[in-house]
Amino acid sequence: MRGMILVAIASVLLFPSCQRSDAVEAGGVLYLRYADNQPEDYPTSKAGRYFASLVDDMTGGRVVIDVYAGGTLGDEPSVLEQMRYGGIDFARCSLGILSDFYPDLAFMTLPFLYDDTEHMWRVLDSEIGDELLTVTQDSSVFGLAWFDAGARSFYTRNPVYSLADMEGLRIRVQETDLMTEIFELLNVVPVKIPYGDVYSALQKLMVDGAENNFPSYYHTGHYETAKYVFLDEHLMLPEMLMMSVSAKEKLDEFDPDLYPVIVECARQSGLYERVLWAEEEKRAKEACLESGCVIYYPSDEEKDEFRKAMAPIYEEFSEYGEIIERIRSM
């Protein structure tokens, strides 16, 4: 099966799934819906279409997954709610958002949990990663595969060279209480703003900056207003390709032998997304530099200032000490 799944990427992407208004079985075909809040040309959206194409190929066209990118079906919190009620079958979700719904994943959003990207993937490709995909299995959704989302760093309207320069800045953070608490440790003023509203907030001077990965920084146009990047890479938040329990039930009723195919296609799309992500991260970084952005690379000592300032948040996750130690020892 694996050999058949690894079809040529170029040919797969020539046939994006058609979009339909609902997910119903008709004429011997099961139609399912996939949501992503990122633009059509974003790595995760491309990986979603790759997943849909693999499923189409491996099921002989019996399962068709319609991919809705660009937030067409709503932002991530609303998509998760819709998945709970069976309105959406698959979605790519940020770990930062998931942790609000599933607290047992929250420790994965701790700052400086991984040494670097290679360390993160050693963890997620191990038994630990498989265990964490099952955290939500007793709920209405569950994980199928991990997607890369890079490392998050700060970008601001004025230069930042140290922890002291962060004091008092109004920084947009993801809409979770934990993120607010983490960034308060840096003496900044965390501002919860929906992802799609950050560009306007930067333009209107409602915030002094934000934090995210390079592809998001570039694709959203945030680099146009906040051109100074402090590359501390304080957070690495992998993302999860998820399936609803409702979709699993529909699939089992349609043909129970197809579920392993869906799982394998999801894993392959995760591997493909990593390649896309690395390419896009490099391309976005170069484009930002060409546009006049300034990247400051903090020294190990300067990064340690941030690491030490954020360290107290770990005290709230003492019950996860064992798995955190397993992660750090890999």
Side-chain angles (χ1 to χ4, degrees), residues 1-9 11-13 15-36 44-45 47-69 73 79-93 98 101-102 104-105 124-147 238-273:
M1 178 187 295
R2 186 176 295 272
M4 295 175 64
I5 288 178
L6 293 175
V7 295
I9 289 173
S11 64
V12 167
L13 294 181
F15 302 100
S17 56
C18 299
Q19 302 214 333
R20 293 173 174 81
S21 61
D22 52 14
V24 298
E25 182 186 337
V29 177
L30 181 64
Y31 296 105
L32 302 171
R33 305 205 302 175
Y34 182 114
D36 196 314
T44 59
S45 300
R49 292 197 300 275
Y50 182 62
F51 169 60
S53 297
L54 288 177
V55 170
D56 185 75
D57 286 347
M58 292 306 299
T59 65
R62 296 178 65 209
V63 178
V64 174
I65 300 175
D66 295 335
V67 178
Y68 297 81
L73 300 183
V79 163
L80 277 171
E81 288 292 346
Q82 292 178 72
M83 290 183 78
R84 289 181 170 189
Y85 296 103
I88 295 175
D89 304 294
F90 299 95
R92 189 277 311 150
C93 296
L98 280 171
F101 286 80
Y102 307 103
D104 282 339
L105 288 173
L124 298 181
D125 286 338
S126 72
E127 291 181 357
I128 295 177
D130 291 339
E131 291 170 11
L132 293 170
L133 283 174
T134 68
V135 165
T136 65
Q137 68 182 359
D138 294 330
S139 180
S140 52
V141 298
F142 55 94
L144 294 176
W146 294 106
F147 278 7
E239 301 182 331
M240 197 182 289
L241 193 169
M242 308 195 75
M243 183 177 188
S244 72
V245 169
S246 173
K248 173 68 162 53
E249 292 171 348
K250 284 185 281 189
L251 186 68
D252 287 343
E253 183 177 352
F254 180 71
D255 186 341
D257 293 334
L258 292 180
Y259 177 66
V261 176
I262 299 295
V263 173
E264 180 63 15
C265 291
R267 295 297 179 101
Q268 291 299 328
S269 70
L271 294 174
Y272 174 54
E273 192 270 348

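Here the structure is a predicted model, which is why all the values come from computation and not from measurement. Heavy atoms only: backbone and side chains are in, while hydrogens, waters and symmetry mates are out. In what follows, residues are counted from 1 in the order of the sequence shown.
- In this structure, Asp89 contributes its side chain and Arg33 its backbone to a donor-acceptor pair below 3.5 Å.
- Once rounded to the nearest 0.5 Å, the distance linking CD of Glu253 with CG of Leu251 reads 10.5 Å.
- Scanning both residues, Leu80 and Cys93, for their nearest heavy atoms gives CD2-SG, 3.8 Å.
- No more than 12 heavy atoms of other residues, nucleotides or ligands lie within 6.0 Å of CD in Glu127, so this atom counts as exposed by the packing criterion.
- Nearest heavy atoms, Tyr34 versus Thr44: OH-O, 4.4 Å.
- From Leu271, atom CG reaches atom CG of Asp125 across 7.5 Å, with rounding to the nearest 0.5 Å.
- When all heavy atoms are compared, the tightest approach of Gly143 to Met240 is CA-SD, 3.5 Å.
- A salt bridge links Asp130 and Arg267; the closest N-O separation between the charged side-chain nitrogens and carboxylate oxygens is under 4.0 Å.
- Minimum interatomic distance between Tyr259 and Asp252 (heavy atoms only, all atoms of both residues): CB-OD1, 4.3 Å.
- In this structure, Val79 and Leu73 approach most closely via the heavy-atom pair CG2-O, 3.9 Å.
- Side-chain contact check for Val67 versus Asp36: every heavy-atom pair is 4.5 Å or farther apart.
- Summarising the geometry, atom CZ belonging to Arg62 is positioned 5.5 Å from atom CG belonging to Leu258; distances are rounded to the nearest 0.5 Å.
- Residues forming a salt bridge (Lys or Arg N to Asp or Glu O under 4.0 Å) with Glu273 (at least two apart in sequence, or on another chain): none.
- Counting only heavy atoms from C-beta outward, the side chains of Thr136 and Leu105 approach each other to under 4.5 Å.
- In this structure, OG on Ser140 lies 8.5 Å from CD on Glu81, to the nearest 0.5 angstrom.
- Between Glu239 and Trp146 there is no side-chain heavy-atom pair separated by less than 4.5 Å.
- The line from CD1 of Ile262 to CD1 of Ile65 is 5.0 Å long, rounded to the nearest 0.5 Å.
- When side chains are defined from C-beta on, Tyr102 counts as touching Val141, because their heavy atoms get closer than 4.5 Å.
- Taking 4.5 Å as the limit, every side-chain heavy atom of Ser244 sits out of range of all side-chain heavy atoms of Tyr85.
- Of all non-hydrogen atoms in Ser269 and Ala47, the two that sit nearest each other are CB-O, 3.8 Å.
- The shortest side-chain heavy-atom distance between Leu54 and Tyr272 does not fall under the 4.5 Å cut-off.
- Going from atom CZ of Phe147 over to atom CG of Leu241 covers 4.5 Å, rounded to the nearest 0.5 Å.
- Using a 4.5 Å heavy-atom threshold, the side chains of Leu133 and Leu144 count as separate.
- Lys250 places none of its side-chain heavy atoms less than 4.5 Å from the side chain of Tyr31.
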